[in-house]
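Values below: every heavy atom of this structure, side chains too, minus hydrogens, waters and symmetry copies.
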Amino acid sequence: VEVAIMKYVASDMTESVAEAFEELCLKCLATKIHKQCSKDGNLFRRYHLYTRPVDSLFRKNSTFLHAVYNHFKRTARRLSLGGWWNFLRETGLLLPDVTGMGRREACLCFLAARMATSDELRSLDKSRSLTYVDFLEALARTASSICPPTSIELHEWGAKGEEGLYYYYYRLEKTSNRKGPRGRIPRRPSADITAEKTRPLHEKLEPILGVVRKSLMAAFHARDEENLILQLQDSRERMLQQQRHGESPRW
């Protein structure tokens, strides 16, 4: 407000402080904001997230996703930004050269997934963390941002079956020149956060969930999904016990 007064009121360019503040916002601030920051987050929810196929996919994987969320939020009530980054790193999704998901994109997905808080000063923790439902939305936005290759593209590349996307990302990460046996699959134009989406969200979300599952199974040396869930729950319980005994929980 002080800047608006100095720039517009003091120079007699406007008569009121309200007009000066509006001019400052429209001419000086709005033109500098990236289009990704000005995009209405509810459009993604309305046209892509809140659909029956996506809801069915989340319900089908509810037990697994709850265990993942509880593990990465550690002993906190909600998932912090640091916990979100740990989740993306351990699942192999935070790899800019492989998935196209960097820290910037991860932050945008995290921030866009937060539900509005009525009083951010009194509810600071809520405004800086994700509930379980927010976590699901952030995961969906991540899948939309990564926009993985289609099953046909993966099949032609040589990565077949339900774990095709995991195998594809694994080969890209482990190969020094970032190329697979048949070259890298071109990144889809709709992968940009602000780009128009050409595929239903559930078609991108399902293989990403497969990557999350397979990556964590490899990290925990789990025999199957059931065994992985038990290990995630045990890890969470150990963290809570350490907290109760006054110890610093180990990651």
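- Put simply, the side chain of Tyr168 gets close to the backbone of Ile185: a donor and an acceptor are under 3.5 Å apart.
- Dense packing is recorded around OH of Tyr8, with more than 12 heavy atoms of other residues, nucleotides or ligands lying under 6.0 Å away.
- Counting only heavy atoms from C-beta outward, the side chains of Asp134 and Met115 approach each other to under 4.5 Å.
- With a 4.5 Å cut-off between side-chain heavy atoms of Ile, Leu, Val, Met, Phe, Trp and Tyr, the cluster of Val1 takes in Ile5, Val9, Val17, Phe21.
- Looking at heavy atoms from C-beta onward, Val68 lies in side-chain contact with Leu232 at the 4.5 angstrom threshold.
- The backbone N or O of Val98 lies less than 3.5 Å from a partner atom in the side chain of Arg184, making a donor-acceptor pair.
- Residues in residues 199-217 take part in these side chain to side chain donor-acceptor pair (under 3.5 Å) pairs, two or more places apart or across chains: Asn61-Arg213, Arg213-Glu225.
- In this structure the side chain of Leu228 reaches within 4.5 angstrom of the side chain of Phe64, judged on heavy atoms.
- Side-chain contact between Tyr166 and Pro207 is absent, with no heavy-atom pair separated by less than 4.5 Å.
- If you take CD1 on Ile146 and CD1 on Ile208, they are separated by 4.0 Å, rounding to the nearest 0.5 Å.
- Remark: Phe44 engages His48 in a ring pair (Phe, Tyr, Trp, His ring centres under 6.0 Å) (not counting sequence neighbours).
- Following chains of ILVMFWY side-chain contacts shorter than 4.5 Å, one can reach Leu93 starting from Leu81, so the two form part of one hydrophobic cluster.
- Pairs passing the salt bridge (Lys or Arg N to Asp or Glu O under 4.0 Å) check and including a residue from residues 43-53, sequence neighbours excluded, read Arg45-Glu137.
- Between Leu139 and Leu209, some side-chain heavy-atom pair lies under the 4.5 Å cut-off.
- A side-chain donor-acceptor contact under 3.5 Å links Thr142 to the backbone of Ala138.
- Summarising the geometry of Thr14 relative to Glu23, their closest heavy-atom pair is CG2-CG, 4.1 Å, with the distance given to 0.1 Å.
- Looking at heavy atoms from C-beta onward, Tyr169 lies out of side-chain contact with Leu95 at the 4.5 angstrom threshold.
- A 6.0 Å sphere centred on CD of Glu19 holds more than 12 heavy atoms belonging to other residues, nucleotides or ligands.
- Contacts of Tyr132 classified as ring pair (Phe, Tyr, Trp, His ring centres under 6.0 Å), with partners at least two apart in sequence or in another chain: His66, Tyr69.
- The 12-atom threshold is exceeded at CG of Leu26, counting heavy atoms of other residues, nucleotides or ligands nearer than 6.0 Å.
- For Glu237, the CD atom is densely surrounded, since the number of other residues' heavy atoms within 6.0 Å is greater than 12.
- Cluster membership for Leu240 and Leu230, using ILVMFWY side-chain heavy atoms within less than 4.5 angstrom, is not shared.
- For Phe220, the ring pair (Phe, Tyr, Trp, His ring centres under 6.0 Å) partners at least two apart in sequence or on another chain are His71.
- Ring pair Phe135/Phe72: centre-to-centre distance not below 6.0 Å.
- Here Asn227 contributes atom CG and Gln231 contributes atom CD; the two are 4.5 Å apart, rounded to the nearest 0.5 Å.
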